[in-house]
Amino acid sequence: MSNMSGFRPALIVVDLQEDFCPPDGSLAVANGRDVTPLINKLLALPFVVKIATKDWHPRDHISFAANHEGKSPFEDAATIVNPYNESETYESRLWPIHCVQGTPGAELVPELRSSQLDMVLEKGTDPRVEMYSPFYDPFTSPRVYDSGLAQVLKEKQVSDVYVVGLAADYCVKSAAVDAAKEGFKTFLIEECTRAVDVSAWPGCKREIEASGARVVSIDGPEVCRLMTAQ
């Protein structure tokens, strides 16, 4: 990829999996599959590295409402406790069972040109913690799980991170926020994602921008730069 002004971009395709897509996904995001053609166009561009992430949950994962007696998906939340420090907790929304390891719903959608990916990173594998971000879980004292993604990007001397996939207001948002936290210039391409809660997306965008990441258009200069770089 271009050495123009040290521009070394990476693409992160977040959780473009069957369970997040209509018509049959257990946690289908409205129109989620529709982002695939645009993402395929991005995959054809010469990024330094192209990485897809997958939710890859064990059946006893803490995010599944079915694993909490009397709790309902979407409507209820659970308190998640740091297994190494019970004073550190957070509230997390509960979901239908989704993206269970080895099931068809956990597979990347077949329309995605996955042959152009350099690696696929599995996340959410620890049953004790929710992990929207492909970098690490929300706990800090201590952190429970680190995927090594930040190290991969730094080893490849990535300067800019472009984030796409599903869902905009959860895993894609967390990926963008944490990429910015790790010091990368970070761009979430809005046409290449869809939100679970569409009405809450404007507020999510403000939070993403406040983190230092930017929400951009596929027609904007940030993406056009990819197409003109040598």
Side-chain angles (χ1 to χ4, degrees), residues 11-40 42-43 50-78 80 92-138 144-145 147 149 163-176 178 188 191-198 200-201 204:
L11 179 67
I12 301 179
V13 181
V14 178
D15 299 2
L16 196 53
Q17 293 166 271
E18 282 293 337
D19 267 346
F20 294 127
C21 290
D24 300 320
S26 64
L27 183 39
V29 179
N31 304 307
R33 199 178 294 270
D34 296 352
V35 303
T36 313
L38 287 177
I39 292 175
N40 282 336
L42 293 172
L43 282 169
K50 304 164 191 173
I51 299 170
T53 73
K54 294 170 66 174
D55 261 4
W56 194 247
H57 296 316
R59 288 196 175 273
D60 60 346
H61 197 258
I62 199 165
S63 73
F64 298 164
N67 292 329
H68 301 264
E69 188 174 356
K71 299 282 189 177
S72 298
F74 300 107
E75 299 171 11
D76 290 324
I80 300 181
S92 189
R93 193 176 187 181
L94 293 174
W95 304 107
I97 294 171
H98 64 278
C99 299
V100 172
Q101 296 171 4
T103 64
E107 294 305 311
L108 296 172
V109 299
E111 301 94 328
L112 183 69
R113 292 179 186 153
S114 53
S115 63
Q116 294 181 307
L117 296 166
D118 297 301
M119 66 179 290
V120 177
L121 183 151
E122 296 165 352
K123 65 185 181 67
T125 58
D126 189 319
R128 303 169 297 173
V129 293
E130 179 62 284
M131 187 172 163
Y132 293 139
S133 170
F135 289 90
Y136 27 65
D137 65 87
V144 177
Y145 185 89
S147 72
L149 177 57
V163 183
V164 299
L166 300 172
D169 43 344
Y170 286 92
C171 295
V172 172
K173 171 189 171 184
S174 294
D178 284 346
L188 191 165
E191 294 88 345
C192 295
T193 189
R194 297 289 186 272
V196 173
D197 296 316
V198 176
W201 177 232
C204 270

K.L.:
Rounded at 0.5 Å granularity, tell me how far CD1 in I12 sits from CE in M119.
P.N.:
9.5 Å
K.L.:
Report yes if the side chains of I51 and D118 come closer than 4.5 Å at any heavy-atom pair, otherwise no.
P.N.:
no
K.L.:
Identify the residue among T36, L42, T193 that makes a side-chain contact (heavy atoms from CB on, under 4.5 Å) with V164.
P.N.:
L42
K.L.:
If you look at every heavy atom in P22 and A28, which pair is closest and at what distance?
P.N.:
N-CB, 3.7 Å
K.L.:
Enter the distance from L27:CG to E18:CD here, rounded to the nearest 0.5 Å.
P.N.:
13.0 Å
K.L.:
L149 vs L121, test: side chain to side chain contact (heavy atoms under 4.5 Å, CB included). Steps then yes/no.
P.N.:
CA-CA 8 Å; L149 177 57; L121 183 151; 3.8 Å; yes
K.L.:
If we ignore hydrogens and angles and just use 3.5 Å, is the side chain of Q101 paired with the main-chain N or O of W56 as donor and acceptor?
P.N.:
yes
K.L.:
What heavy-atom pair brings C99 and Q17 nearest, and what distance separates the two atoms?
P.N.:
SG-NE2, 3.6 Å
K.L.:
To the nearest 0.5 angstrom, please state how far the CE atom of M131 sits from the OG atom of S174.
P.N.:
10.0 Å
K.L.:
Is L112 close to N40 at the side-chain level, that is, under 4.5 Å between some pair of heavy atoms?
P.N.:
yes
K.L.:
Can you measure from CZ (F64) to OG (S26) and round to the nearest 0.5 angstrom?
P.N.:
8.0 Å
K.L.:
Please determine whether side chain to side chain contact (heavy atoms under 4.5 Å, CB included) holds for the pair L16 and C21, giving the CA-CA distance in whole Å, both sets of side-chain angles, and the decisive distance to 0.1 Å.
P.N.:
CA-CA 8 Å; L16 196 53; C21 290; 4.3 Å; yes
K.L.:
Supply the atom-to-atom distance C192 SG to L166 CG, rounded to the nearest 0.5 angstrom.
P.N.:
10.5 Å
K.L.:
Which residues pass the ring pair (Phe, Tyr, Trp, His ring centres under 6.0 Å) test with F74, not counting sequence neighbours?
P.N.:
W95
K.L.:
Which atom pair, heavy atoms only, marks the closest approach of A175 to P134?
P.N.:
CB-CD, 3.5 Å
K.L.:
So, N67 side chain and I62 main chain: donor-acceptor pair closer than 3.5 Å or not?
P.N.:
no
K.L.:
Begin with the C-alpha distance, continue with both residues' side-chain angles, and end with the deciding distance and a verdict on side chain to side chain contact (heavy atoms under 4.5 Å, CB included) for D19 and D55.
P.N.:
CA-CA 10 Å; D19 267 346; D55 261 4; over 6 Å; no
K.L.:
For the residue pair H98 and F20, does the interplanar ring angle fall in the parallel (under 30°), tilted (30 to 60°) or perpendicular (over 60°) class?
P.N.:
tilted
K.L.:
Residues in side chain to side chain contact (heavy atoms under 4.5 Å, CB included) with P73, at least two apart?
P.N.:
A65, P96
K.L.:
Please determine whether side chain to side chain contact (heavy atoms under 4.5 Å, CB included) holds for the pair R93 and D197, giving the CA-CA distance in whole Å, both sets of side-chain angles, and the decisive distance to 0.1 Å.
P.N.:
CA-CA 13 Å; R93 193 176 187 181; D197 296 316; 2.8 Å; yes
K.L.:
Any side-chain heavy atom of H68 sitting closer than 4.5 Å to one from L94?
P.N.:
yes
K.L.:
Tell me the closest heavy-atom pair linking Q116 and L43, and the distance in Å.
P.N.:
OE1-CB, 3.5 Å
K.L.:
For R113 and P110, indicate whether the former's side chain and the latter's backbone hold a donor-acceptor pair under 3.5 Å.
P.N.:
no
K.L.:
With rounding to the nearest 0.5 angstrom, report the NZ to CD distance, K71 to E69.
P.N.:
11.0 Å
K.L.:
Closer than 3.5 angstrom, by distance alone: can the side chain of D137 be matched with the main-chain N or O of V129 as a donor-acceptor pair?
P.N.:
no
K.L.:
Run the salt bridge (charged side-chain N to carboxylate O under 4.0 Å, His left out) check on K54 and D15 step by step: do they pass?
P.N.:
CA-CA 5 Å; K54 294 170 66 174; D15 299 2; over 6 Å; no
K.L.:
Kindly determine whether E130 and K123 satisfy salt bridge (charged side-chain N to carboxylate O under 4.0 Å, His left out), including the steps that lead there.
P.N.:
CA-CA 9 Å; E130 179 62 284; K123 65 185 181 67; over 6 Å; no
K.L.:
For A30, is there any backbone N or O sitting under 3.5 Å from a side-chain donor or acceptor partner on R194?
P.N.:
no
K.L.:
Return the set of residues passing side chain to side chain contact (heavy atoms under 4.5 Å, CB included) with A195 (not counting sequence neighbours), or none when no residue passes.
P.N.:
A168, D169, W201
K.L.:
Which heavy-atom pair separates A106 from V100 by the least distance, and what is that distance?
P.N.:
CB-O, 3.4 Å
K.L.:
Which heavy-atom pair separates Y132 from S92 by the least distance, and what is that distance?
P.N.:
OH-OG, 3.8 Å
